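Just so it is clear, the structure is predicted and the values come from calculations on it, not from any experiment.
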Amino acid sequence: MINQEKIWTESWEKQKEDIDRFIEDCNERVDILAKYIKKGDKILDAGCGLGQVVFNLLNRGYDAYGIDFSAETIKIAKEYHQQKYQETKERFFVSDIRELNFPANSFDVYVSYGVIEHFKKTEHEKIIKEAKRVLKNNGLIFLYYPNIKSVFGIQSALLSILGVRYIWQIPLSIKYVINLLHKSNFKIIDNFTYKFTNSLIRGFCLNKRTFKNFIPNPFYLIRKPILTFGYRNETKYNRFGEINIIIAKNEK
């Protein structure tokens with residue numbers, strides 16, 4: 001597998017001027033999270049990137065912190081925090097989600113937006129056990145990850161296995177993640193998928209330029225009737241949605 005830390009450092013470095021836009025882009029996912037948390041909760045964003053979710057939460061009055069294994073990315077997040085927020089509290093730390101640099105029972109909420117799928121399955125149980133360790137009793141874990149049953153998930157898995165995809169990832173099934181959490185005695189609170197139709201829009205092409213020049217993608221050619229069908233049957237077929245979200249409670 002490719003060097004994930006190097007790839008992510010390079011990726012976030014190229015996008016550091018877009019932090020303000022990324023913060024706004026987080027509104028939908030943080031809106032969902034806000035339904036399950038309260039203002040006094042201490043929240044860890046595990047795999048925070050440039051800190052966009054942390055900043056979105058801070059803007060709403062939450063006590064949020066972020067970690068990432070890329071020292072350069074955390075440096076960018078810290079600099080943005082110092083420039084934009086009038087506080088001296090440290091909110092960003094270099095740490096690996098497989099071995100977090102926090103004492104047990106440190107957080108009320110552990111959130112992870114599109115992170116676990118970038119690690120090998122042999123590492124997943126260790127990641128979840130670390131989340132459990134740093135969570136307080138009855139603390140919540142909030143996992144957001146791509147669905148292997150979606151068009152996007154199938155495409156991502158295939159391109160990652162072939163070594164074509166720039167950022168390696170293997171999307172996961174709902175059943176797999178539920179079983180993973182059950183192994184660490186998490187109690188499932190909610191589980192659903194969303195963005196059902198987005199994966200159909202993406203289709204199987206590598207990107208729009210490739211599609212236009214080389215690949216006659218049937219999902220683009222007939223996307224209107226497919227999307228109409230998808231919206232009409234979204235509840236019935238949402239297990240094929242692009243994104244899975246699962247919320248579980250830590251039972252010590």
Side-chain angles (χ1 to χ4, degrees), residues 1-12 44-49 53 66-74 93-107 109-135 139-193 199 239-252:
M1 190 170 66
I2 59 177
N3 186 324
Q4 289 283 292
E5 182 176 350
K6 180 175 182 293
I7 289 293
W8 281 107
T9 297
E10 292 174 351
S11 178
W12 288 126
L44 176 66
D45 181 11
C48 67
V53 171
I67 65 102
D68 201 278
F69 63 0
S70 168
E72 288 302 314
T73 302
I74 288 297
F93 306 90
V94 178
S95 188
D96 192 314
I97 63 173
R98 294 165 293 191
E99 193 171 351
L100 295 167
N101 298 331
F102 298 105
N105 308 310
S106 293
F107 296 94
V109 182
Y110 175 107
V111 301
S112 180
Y113 288 101
V115 179
I116 193 171
E117 70 273 11
H118 298 294
F119 290 83
K120 295 178 181 179
K121 283 192 172 182
T122 53
E123 298 174 301
H124 289 175
E125 192 168 342
K126 186 175 183 180
I127 290 169
I128 298 302
K129 283 183 176 179
E130 270 296 273
K132 182 179 182 66
R133 184 184 66 80
V134 300
L135 273 174
L140 295 180
I141 185 171
F142 184 95
L143 294 181
Y144 172 109
Y145 59 95
N147 183 7
I148 189 61
K149 289 187 177 180
S150 70
V151 175
F152 170 66
I154 295 169
Q155 170 190 293
S156 294
L158 178 62
L159 297 183
S160 293
I161 292 169
L162 294 176
V164 176
R165 201 175 191 279
Y166 176 65
I167 296 177
W168 187 95
Q169 70 173 14
I170 296 294
L172 308 169
S173 72
I174 297 171
K175 182 178 180 181
Y176 172 82
V177 177
I178 288 175
N179 288 338
L180 188 65
L181 289 167
H182 279 162
K183 283 182 180 179
S184 292
N185 294 322
F186 278 97
K187 180 182 178 181
I188 308 301
I189 301 300
D190 210 344
N191 177 50
F192 56 95
T193 68
S199 57
R239 65 186 180 277
F240 301 111
E242 180 178 330
I243 301 297
N244 285 354
I245 297 176
I246 188 164
I247 303 99
K249 182 186 291 186
N250 182 27
E251 297 187 335
K252 295 288 188 180

Worksheet item: Does a side-chain heavy-atom distance below 4.5 Å link Ile116 with Val177?
Response: no

Item to complete: Could you pull out the closest heavy-atom pair between Ile154 and Ile148, with the gap in Å?
Response: CG1-O, 3.4 Å

Worksheet item: Mind checking whether Val111 and Tyr144 have side chains closer than 4.5 Å, heavy atoms only?
Response: no

Worksheet item: At what distance, to the nearest 0.5 angstrom, does CD1 of Ile243 lie from CZ of Phe192?
Response: 11.5 Å

Response to the item:
Minimal heavy-atom distance between His118 and Trp168, with the atoms involved, is ND1-O, 2.8 Å

Item to complete: Decide yes or no for Ile74 and Cys48: does some side-chain heavy atom of the first lie under 4.5 Å from some side-chain heavy atom of the second?
Response: yes

Worksheet item: Which of parallel (below 30°), tilted (30 to 60°) and perpendicular (above 60°) describes Tyr176 and His124?
Response: perpendicular

Worksheet item: How long is the gap from CD1 on Ile141 to CD1 on Ile247, to the nearest 0.5 Å?
Response: 11.0 Å

Worksheet entry | Spacing of Ile178 atom CD1 and Asn191 atom CG [to the nearest 0.5 Å] | 4.5 Å

Response to the item:
Result for side chain to side chain contact (heavy atoms under 4.5 Å, CB included) between Leu143 and one of Leu172, Ile128, Val115 points to Ile128

Discussion item. To the closest 0.5 Å, what do you measure between CG (Leu100) and OG (Ser95)?
Written reply: 4.5 Å

Discussion item. Walk me through whether Lys120 and Ile170 qualify under side-chain contact (heavy atoms from CB on, under 4.5 Å).
Written reply: CA-CA 8 Å; Lys120 295 178 181 179; Ile170 296 294; over 6 Å; no

Discussion item. To the closest 0.5 Å, what do you measure between CD (Gln169) and CZ (Phe152)?
Written reply: 4.5 Å

Fill in: Non-hydrogen atoms of Ala46 and Ser112 that approach each other most closely
O-OG, 3.6 Å

Worksheet item: Do Lys249 and Leu140 have side chains that get closer than 4.5 Å, going by heavy atoms?
Response: yes

Worksheet item: Looking at Arg133 and Pro103, what are the two nearest heavy atoms and their distance?
Response: NH1-C, 3.6 Å

Practice prompt. Name all residues meeting the side-chain hydrogen bond (donor to acceptor under 3.5 Å, both in side chains) criterion together with Asn250; count only those two or more places apart in sequence or in a different chain, and write none if there are none.
Written response: Lys132

Worksheet, complete the sentence: Nearest heavy-atom contact between Ala248 and Phe186 is CB-CB, 3.9 Å

Discussion item. Checking Phe93 now: which residues fulfil ring pair (Phe, Tyr, Trp, His ring centres under 6.0 Å) with it, not counting sequence neighbours?
Written reply: Phe102

Item to complete: Please tell me if the side chains of Leu44 and Leu135 come closer than 4.5 Å, counting only heavy atoms from C-beta onward.
Response: no

Item to complete: Please check if the side chain of Asn244 supplies one atom and the backbone of Ser173 the other of a donor-acceptor pair under 3.5 Å.
Response: no

Discussion item. Can you tell whether the side chains of Lys126 and Glu123 come within less than 4.0 Å, N to carboxylate O?
Written reply: no

Worksheet entry | Spatial distance of atom OG (Ser150) from atom CD (Gln155) [nearest 0.5 Å] | 9.0 Å

Worksheet entry | Closest heavy-atom pair and its distance - Gly49, Thr73 | O-CG2, 3.1 Å

Worksheet item: Quick one: side-chain contact (heavy atoms from CB on, under 4.5 Å) partners of Lys129, sequence neighbours excluded?
Response: Glu125, Ser184

